[in-house]
Amino acid sequence: MTSLSQRGISRVWNVTHRSPGGPHKRQGFVLEPGHWQEFDPFLLMAEDWFQTGTFGDHPHRGMETVTVVLDGHLQHRDSHGGSGLLGPGDVQWMTAGRGVVHAEEPVPGETVHSLQLWLNLSRAQKTAEPRYQDLSGDRLPVRREEGAVVRVISGASGDVTADTLNHTPVTAVEFVLAAGAAVTQGLPGSYNGFIYVLEGSGQFGVDGTSGQQGQVLWLGPADGGADSEVSVRAERALRAVLFAGEPIREPVVAHGPFVMNSEQEIRQAFADYQAGKF
Ligand code: FE2
């Protein structure tokens, strides 16, 4: 008999949205920045509603961004000649590594609704070659159970595995469950993670903790085993995303879009950016 630890939910919070102004119509933090140890390997997750002129050319170094488009069409272009168009259901997994400059702009006239996760990289991976993976929503592998569809963005769900390349190991899935349906998601016991409810409501984890649209459920630790799982049961028709990843356990020094291990490395990032090395 294998020991499979059942995860509970250690904390639930509401995402508060506000209006930054101009073309940035609405923003809320699913994960507020600054909780580097608690959320490790995740740095932040923002939920945004925005129009052209919000996220023009800007740099990143030392981290990855994972962008999930929920509505509208997002154009992307970067300093390495890459470009793409993301629509509803599409995901972009960008490794900034040693540095990119990019623009993330809605198609003119549209308002994009998106989630953007900032994922940390270990010291050794902060200088990795920049990389883009455009994960087309209609090509993501899908696990189907009774009343449940699980779209696998990264890692695996059941025996369905995504071919998304990871530096920091991450399991990322989207659950779409009919009212009353239930599914379990396996995770390495070492991972930190969370569920964000996009629509509907349900019960989560071993204690059946309630969560509804606009709420974040932080996963409690596994009790020792190498493998764990978390249960998700829809009360009303449910749409939710789960992200979980291997903690990095290194110092985090973040300044705007640069996330390094020391102040010296942040100063170097600004110097390199200003010297046009991105
Ligand atoms: Fe960016």
Side-chain angles (χ1 to χ4, degrees), residues 17-31 33 42-121 125-137 139-140 153-154 164-165 167-168 172 241 243 254-260 265-266 268-278:
H17 296 97
R18 60 191 180 282
S19 301
H24 199 177
K25 297 303 178 186
R26 250 176 120 206
Q27 180 176 57
F29 282 110
V30 177
L31 303 182
F42 305 115
L43 299 160
L44 64 84
M45 180 185 263
E47 181 173 24
D48 297 288
W49 287 257
F50 61 106
Q51 300 173 341
T52 301
T54 306
F55 298 117
D57 282 343
H58 61 275
H60 293 280
R61 172 179 277 186
M63 35 82 84
E64 296 186 302
T65 59
V66 182
T67 307
V68 179
V69 176
L70 298 173
D71 198 18
H73 291 84
L74 185 62
Q75 293 172 313
H76 151 263
R77 66 187 155 69
D78 71 81
S79 53
H80 299 270
S83 65
L85 181 67
L86 303 171
D90 294 341
V91 179
Q92 183 189 69
W93 202 291
M94 181 194 83
T95 305
R98 61 181 158 73
V100 299
V101 179
H102 73 162
E104 302 155 286
E105 294 273 45
V107 168
E110 290 194 15
T111 300
V112 164
H113 176 198
S114 65
L115 300 175
Q116 187 171 82
L117 179 75
W118 288 23
L119 171 61
N120 202 8
L121 292 171
Q125 295 161 340
K126 286 183 182 297
T127 52
E129 193 70 22
R131 177 170 77 193
Y132 288 85
Q133 299 175 80
D134 279 335
L135 310 173
S136 171
R139 296 208 314 270
L140 287 177
I153 297 166
S154 177
T164 306
L165 302 175
H167 288 290
T168 303
V241 290
F243 284 85
H255 195 108
F258 305 134
V259 183
M260 305 303 291
E265 289 167 347
I266 293 290
Q268 189 63 49
F270 275 100
D272 288 350
Y273 174 53
Q274 280 154 11
K277 292 183 181 174
F278 281 31

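Values below: all heavy atoms of this structure, side chains included; hydrogens, waters and symmetry mates excluded. This chain uses plain numbering: 1 for the first residue, then up along the sequence.
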Going by the rule ring pair (Phe, Tyr, Trp, His ring centres under 6.0 Å), which residues pair with Y132 if we only count those two or more places apart in sequence or in a different chain?
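So Y132 forms a ring pair (Phe, Tyr, Trp, His ring centres under 6.0 Å) with H76.
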
Under the ring pair (Phe, Tyr, Trp, His ring centres under 6.0 Å) test, which residues partner Y273, sequence neighbours left out?
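If we apply the ring pair (Phe, Tyr, Trp, His ring centres under 6.0 Å) test to Y273, skipping adjacent residues, the hits are F278.
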
Is the backbone of N120 close enough, under 3.5 Å, to the side chain of T168 for a donor and an acceptor to pair up by distance?
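Checked: pair present.
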
So, using side-chain contact (heavy atoms from CB on, under 4.5 Å) as the criterion, who are the partners of R139 when residues are at least two apart?
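If we apply the side-chain contact (heavy atoms from CB on, under 4.5 Å) test to R139, skipping adjacent residues, the hits are S136.
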
Using the side-chain contact (heavy atoms from CB on, under 4.5 Å) criterion, which residues pair with E265? Sequence neighbours excluded.
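By the side-chain contact (heavy atoms from CB on, under 4.5 Å) rule, E265 matches M260, N261, S262.
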
Interatomic spacing from [atom1] in [X] to [atom2] in [Y] - rounded to 0.5 Å:
X: L85; Y: Q75; atom1: CG; atom2: CD; result: 6.0 Å
X: L140; Y: I153; atom1: CG; atom2: CD1; result: 6.5 Å
X: L74; Y: T67; atom1: CG; atom2: OG1; result: 7.0 Å
X: T54; Y: W49; atom1: OG1; atom2: CH2; result: 13.5 Å
X: H167; Y: L119; atom1: NE2; atom2: CG; result: 10.0 Å

Which pair of non-hydrogen atoms, one from [X] and one from [Y], has the smallest distance, and what is that distance?
X: P88; Y: H73; value: CD-NE2, 3.9 Å
X: I266; Y: H255; value: CG2-CB, 3.7 Å
X: A96; Y: P130; value: O-CG, 3.6 Å
X: G256; Y: W118; value: O-CZ3, 3.5 Å
X: L165; Y: Q133; value: N-OE1, 2.8 Å
X: V112; Y: P106; value: CG2-CB, 3.6 Å

For residues 48-65, which residue pairs pass the salt bridge (Lys or Arg N to Asp or Glu O under 4.0 Å) check, not counting sequence neighbours?
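Salt bridge (Lys or Arg N to Asp or Glu O under 4.0 Å) check on residues 48-65 returns D57-R77, R61-D272.
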
Taking side chain as C-beta onward, heavy atoms only, is S19 less than 4.5 Å from H24?
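Sidechains of H24 and S19: no contact.
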
Name every donor-acceptor pair, under 3.5 Å, that has one atom in a side chain of residues 98-105 and the other anywhere in the protein, sequence neighbours excluded.
from: R98; atom 1: NH2; to: E129; atom 2: OE1; distance (Å): 2.6
from: R98; atom 1: NH2; to: E129; atom 2: OE2; distance (Å): 3.1
from: H102; atom 1: NE2; to: H58; atom 2: NE2; distance (Å): 3.0
from: H102; atom 1: NE2; to: H60; atom 2: NE2; distance (Å): 3.1
from: H102; atom 1: NE2; to: E104; atom 2: OE1; distance (Å): 3.1
from: E104; atom 1: OE1; to: H58; atom 2: NE2; distance (Å): 3.0
from: E104; atom 1: OE2; to: Q116; atom 2: NE2; distance (Å): 2.7
from: E105; atom 1: OE1; to: G53; atom 2: N; distance (Å): 2.8
from: E105; atom 1: OE2; to: G53; atom 2: N; distance (Å): 3.4

Between L115 and L70, does a side chain to side chain contact (heavy atoms under 4.5 Å, CB included) hold up when you go through it step by step?
CA-CA 7 Å; L115 300 175; L70 298 173; 3.9 Å; yes

Given E47, which of R26, H113, Q27 fulfils the side chain to side chain donor-acceptor pair (under 3.5 Å) condition?
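Running side chain to side chain donor-acceptor pair (under 3.5 Å) over R26, H113, Q27 with E47 returns exactly one hit, H113.
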
Name the one of V30, V66, L31 that satisfies side chain to side chain contact (heavy atoms under 4.5 Å, CB included) with F243?
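So, applying the side chain to side chain contact (heavy atoms under 4.5 Å, CB included) to F243 and each of V30, V66, L31, only V66 qualifies.
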
